[in-house]
**Student:** 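Below is one structure. I have some questions about it.
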Amino acid sequence: MVCVCLVFGSWTLVFLINTTMISLTHEPIDYHSLTEAVRSPQSGAVVLFLGTVRELTAGRQTVALDYEGYPEMARAKLEELEQAARSRWPIDKVAIVHRLGHLELGDISVAVAVSCPHRKQAFEAGQFLIDELKVSVPIWKRENWADGSTEWVHPGGEMTKGEIDGAKG
Amino acid sequence: MVCVCLVFGSWTLVFLINTTMISLTHEPIDYHSLTEAVRSPQSGAVVLFLGTVRELTAGRQTVALDYEGYPEMARAKLEELEQAARSRWPIDKVAIVHRLGHLELGDISVAVAVSCPHRKQAFEAGQFLIDELKVSVPIWKRENWADGSTEWVHPGGEMTKGEIDGAKG
Amino acid sequence: MKSLSVKLFAKARDLVGSPTVELPWSDGETVAALKQRLSEQCPDLKPLVPRLLVAVNNNYAADDCVLKTTDEVACFPPVSGG
Amino acid sequence: MKSLSVKLFAKARDLVGSPTVELPWSDGETVAALKQRLSEQCPDLKPLVPRLLVAVNNNYAADDCVLKTTDEVACFPPVSGG
């Protein structure tokens, strides 16, 4: 929160501005800086979530993921999520960064850091932010399977044969 | 998890050992190393919790905290907590460090890092570990209030006047 | 006739083979019309159309939302970030 | 008579003014007896005794737990780490 005061003669206008720390990047995520950015003496609790590229998904072996985003809308949706979280929990600071491009096994795809006065708030807010990010922020991943094939991931699963045949017919 | 194999002629004994990463320290907590230690390609989710020294507690101003521990028992209880968490969630790796000694405002008193295949597990396990740590691990904090007074914190609050008078009588 | 420029992402872009598609457009037409038009103009996209999400000026839009040619419009499959 | 060495921590140690206290002890006596003995031998600790936790060999012990002089015994207030 930043406090901006404009003084006009005997009038003072005070603006409280939530500093947003939301970004998309093609570089490796520096979660240490991200976490430092949300620490503050007003907050006794910091929760950091990292999403990393997992080797096995439903038994199939991943070798890499490619992430694509719709950047302007993704940033707008992340800012909305931050506001939604702030309306539910007494959040001090939030920082969210999502990586785009080619990620190898173990790489960090997303980091969410949040600070609150108390730990329960920080856990709830952090989980809310990553849960909602995954359903509303326009970013997509493409699996690079160990057998050399690639596949866009989108909830609801692959198209059924009927849908594909329907399109051809 | 470390796999140790002992081969005796045609017999092989296999031990699966959970590597514990539990410590107490008088130095500033390096949560970056702690977090790196739990990352792995088997786990898609890492949750890190940091407890930091907060300026205001129930409206009173803190300038510093002193933490004291019963180190052997604290380590034993933390290892029990790790096992309890592992029995409830499919945890990959856990790292916990608690700082002892004199901490200033904003300093990190405790860090808990946990990795799991999926995020819900990691959030639940992380919250369980810090919740239980606060009720069962023998560590105590002493407030250094802004007015120069100090006070040991123990749940259940300060002794009542009756208790103190009773002791004197 | 005016045209509506539609951004495509992820599998939608791959199926069409282009990051944008231009559709003939009359003011007053809706998101539902957009989906119908996409199915006709881009047959390879047809199987994905029932699942496509449509965003207008960075907000998700329902089927009855009216689109103007000055809107920023995007179509994409359910998101899978994180 | 043998003696039991009891470690003290936090406010308990401050009130007694020492990190350990030696209590006369007979094998077979319990945690309840320990608390009674502490109240008598360390009057300054008495107001805290009802809230004291007792640990034996790194485990919390109930009032009926029997203590041997070879046990590692500790007394302390409710914990407040984190």
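In what follows, chains carry the letters A, B, and so on, assigned in the order in which the sequence lines appear, proteins first and then strands, with residues in each chain numbered from 1. Note: hydrogens, waters and symmetry copies are ignored here, and every other heavy atom, side chains too, is used.
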**Student:** I'd like to know if the side chain of B:His98 and the backbone of D:Gly81 have a donor-acceptor N/O pair within less than 3.5 Å.
**Tutor:** no
**Student:** Are side-chain heavy atoms of D:Val79 and B:His154 found at a separation under 4.5 Å?
**Tutor:** no
**Student:** Is there side-chain contact between B:Met73 and D:Phe76, with heavy atoms separated by less than 4.5 Å?
**Tutor:** yes
**Student:** Are B:Lys77 and D:Asn58 linked by a side-chain donor-acceptor pair shorter than 3.5 Å?
**Tutor:** no
**Student:** Return the option, out of B:Val137, B:Leu65, B:Val110, B:Leu133, with the maximum number of heavy-atom pairs under 4.5 Å with chain D.
**Tutor:** B:Val137
**Student:** Tell me, for B:Glu72 versus chain D, whether the close heavy atoms (under 4.5 Å) come from the side chain, the backbone, both or neither.
**Tutor:** both
**Student:** What option among B:Ser136, B:Ala76, B:Gly51 has the most heavy-atom pairs under 4.5 Å with chain D?
**Tutor:** B:Ser136
**Student:** Taking the side chain as every heavy atom from C-beta outward, state whether B:Trp140 and D:Arg13 have any pair of such atoms under 4.5 Å apart.
**Tutor:** no
**Student:** Looking only at non-hydrogen atoms, find the nearest pair between D:Gly82 and B:Ser109 and report the distance.
**Tutor:** O-OG, 3.3 Å
**Student:** To the nearest 0.5 Å, what is the distance between CG on D:Leu53 and OH on B:Tyr70?
**Tutor:** 12.5 Å
**Student:** Heavy-atom pairs under 4.5 Å with chain D: which of B:Ala74, B:Ala111, B:Pro138 has the most?
**Tutor:** B:Pro138
**Student:** So do the side chains of D:Lys11 and B:Arg142 get within less than 4.5 Å of each other, counting heavy atoms only?
**Tutor:** no
**Student:** If you tally heavy-atom pairs under 4.5 Å against chain B, which of D:Asp14, D:Asn57, D:Val49 wins?
**Tutor:** D:Asp14
**Student:** In terms of heavy-atom proximity below 4.5 Å to chain D, should B:Val135 be classed as side chain, backbone, both, or neither?
**Tutor:** backbone
